[in-house]
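Below is one structure, written out as structure tokens; the observations come after it.
What you see below is based on every heavy atom in this structure, not just the backbone, and it leaves out hydrogens, waters and symmetry mates. Within every chain, numbering begins at 1; the chains are lettered A, B, ... in the order of the sequence lines, protein sequences first and strands thereafter.
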Number of protein chains: 2
Amino acid sequence: MAYFPSRPTSPKPPKAGAAFNALKRDIMLGTLAPGTGLPELELAAHFQCSQGTVREALLQLQEEGLVRRQGHRGTQVSECTEDEAIEMFRLRQQIEGNGIARVMRGPSRTLVKELNGLLEKMLAAAGAGDELELASFDRDFHRRIFEDASLPALDPILHRCLVHNHRFKISRSPMARDLEATALRHRSIIDAIEGGDVRRATAAMHHHIATIVDLGPEVFPEVIQ
Amino acid sequence: MAYFPSRPTSPKPPKAGAAFNALKRDIMLGTLAPGTGLPELELAAHFQCSQGTVREALLQLQEEGLVRRQGHRGTQVSECTEDEAIEMFRLRQQIEGNGIARVMRGPSRTLVKELNGLLEKMLAAAGAGDELELASFDRDFHRRIFEDASLPALDPILHRCLVHNHRFKISRSPMARDLEATALRHRSIIDAIEGGDVRRATAAMHHHIATIVDLGPEVFPEVIQ
DNA sequence: CTTATCATTATTGATATCGATATCGATATT
DNA sequence: AATATCGATATCGATATCAATAATGATAAG
């Protein structure tokens, strides 16, 4: 019997999700330092759930690249180096640059509308000072664009790069930054898509990715004018 | 119910690994067509294991991009399109090209020796006509090189691209090809690494990746002379 | 004092079972 | 005939329990 009368649609209502979100938050914010061990039974006790549930969460975290699980030697929080972040940014240039070129050949009718909705949510998160939620909507924004590229096998890779980039960005800028400005930077991408010009949209995306964090002028020399 | 009174022969029977390998094989060979549903209980009955074990295998397959699991709607074999394969090959150029440049700055002493060992195994698999095992050693070869690049966060992405590329290659060439020639193509990479020339090694890697399958002259115009 | 062997312990691996939810088809009502 | 409601089936979600394995530390031999 469902004693919760109205649970209209719960795509993911489970306890595994709670543990997953809590761990993801702590890793992204650096509360859990790289190398920290994550024993399954200890986590199960902490989250009041079973070992299998914890393992489910850890497998999801592994798929996002936030932890590494090795055989019988336990699970540890993964590292987050600058060299890897740079390479991930380069991969994003490749994936999202080619992706948006494909999108412009036939974007879905609701794309711009949905992107504007996500921008609204980003601004709301920025107003609330929640950088983690802002980053989450930022990922949704970029993946929503890429969805129209019709390359679903690439989406998990893009997601992984986005997570790593966000984690790197947060870890390397401890001071409170202007979150609203970060959100508003997506405006030009929406405008370019709405304009219908493939080259302009591609350039906007390349410039956006190249200016997320300042990696020095030699990383993306052709984009920073 | 374990009706086997004693476990005479199996000190370590990882059933999840067996199911994983069998499913991976069938998907890579195309025996399981894209879109095919994979009910957990059905697989559990077929492999004589429990549902949780099957789920573990399915999660691993998802991490390699071979299946997609969506909510309460089951697990299906993922698609394998040419557009995605091309983009994966481009990602490999980026990842492995930059990776081998880093490797040449300080390769581990055993690198060339281990690569020659893997080449031997590739030749053995080619001699046995086992294209799947050849592909597996090919992945080990490329990942072993990339290991010395010290970018561990990129390895899962590279692995995913390698699996997709191999699946694509097998699916698009039903005829028996010259497996030995495929294996021997890695010789020039080992030679270039042994030579110690960064540019030569990078060029060898780029050429190797660009000539794995013939995607037309416009995909990698600068590599194919 | 060093090193090798062995017992202990912590951690992961596997399985059975129960419960919750979604999907689909059949039946009944309007 | 169209729609709404109900129930059957399939799938996912969670937990407890047991087995297997790697890591750790103690102990004894050299």
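For Arg55(A), whose side chain is taken as the heavy atoms from C-beta onward, the closest listed nucleotide among dA14(C), dT11(D), dC12(D) is dA14(C).
The distance between atom CG of Leu58(A) and atom P of dT11(C), rounded to the nearest whole Å, is 13 Å. As a whole-Å value, the separation of Glu56(A) CD from dA14(C) C1' is 15 Å. Gln48(A) places its CD atom 10 Å from the P atom of dT15(D), with the value rounded to the nearest Å. Atom CG of Leu41(A) and atom C1' of dT12(C) are 9 Å apart (whole Å). Rounded to an integer number of Å, the gap from CD of Gln70(B) to C1' of dC12(D) is 13 Å.
Looking at heavy-atom distances under 4.0 Å, Arg69(A) makes contact with sugar-phosphate atoms alone, never a base. Across all strands shown, Gln51(A) has heavy atoms under 4.0 Å from base atoms, whether or not it also approaches the sugar-phosphate.
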Evaluation steps, salt bridge (charged side-chain N to carboxylate O under 4.0 Å, His left out), between Asp140(B) and Lys121(B): CA-CA 10 Å; Asp140(B) 293 342; Lys121(B) 291 186 178 179; over 6 Å; no
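Between Arg73(A) and Cys49(A), it is Cys49(A) whose nearest contact on DNA chain D lies nearer the 5' terminus.
Glu40(A) and Arg69(A) are joined by a salt bridge, as a carboxylate oxygen and a charged side-chain nitrogen come within less than 4.0 angstrom of each other.
For the atom pair CD of Glu114(A) and CZ of Arg144(A), the computed distance is 4.0 Å after rounding to the nearest 0.5 Å.
At dT15(C), one or more side-chain N or O atoms of Thr53(B) fall inside 4.0 Å of OP1 or OP2 (strictly under the cut-off).
Put simply, the side chain of Glu84(B) reaches to within 4.5 Å of the side chain of Pro152(A), judged on heavy atoms.
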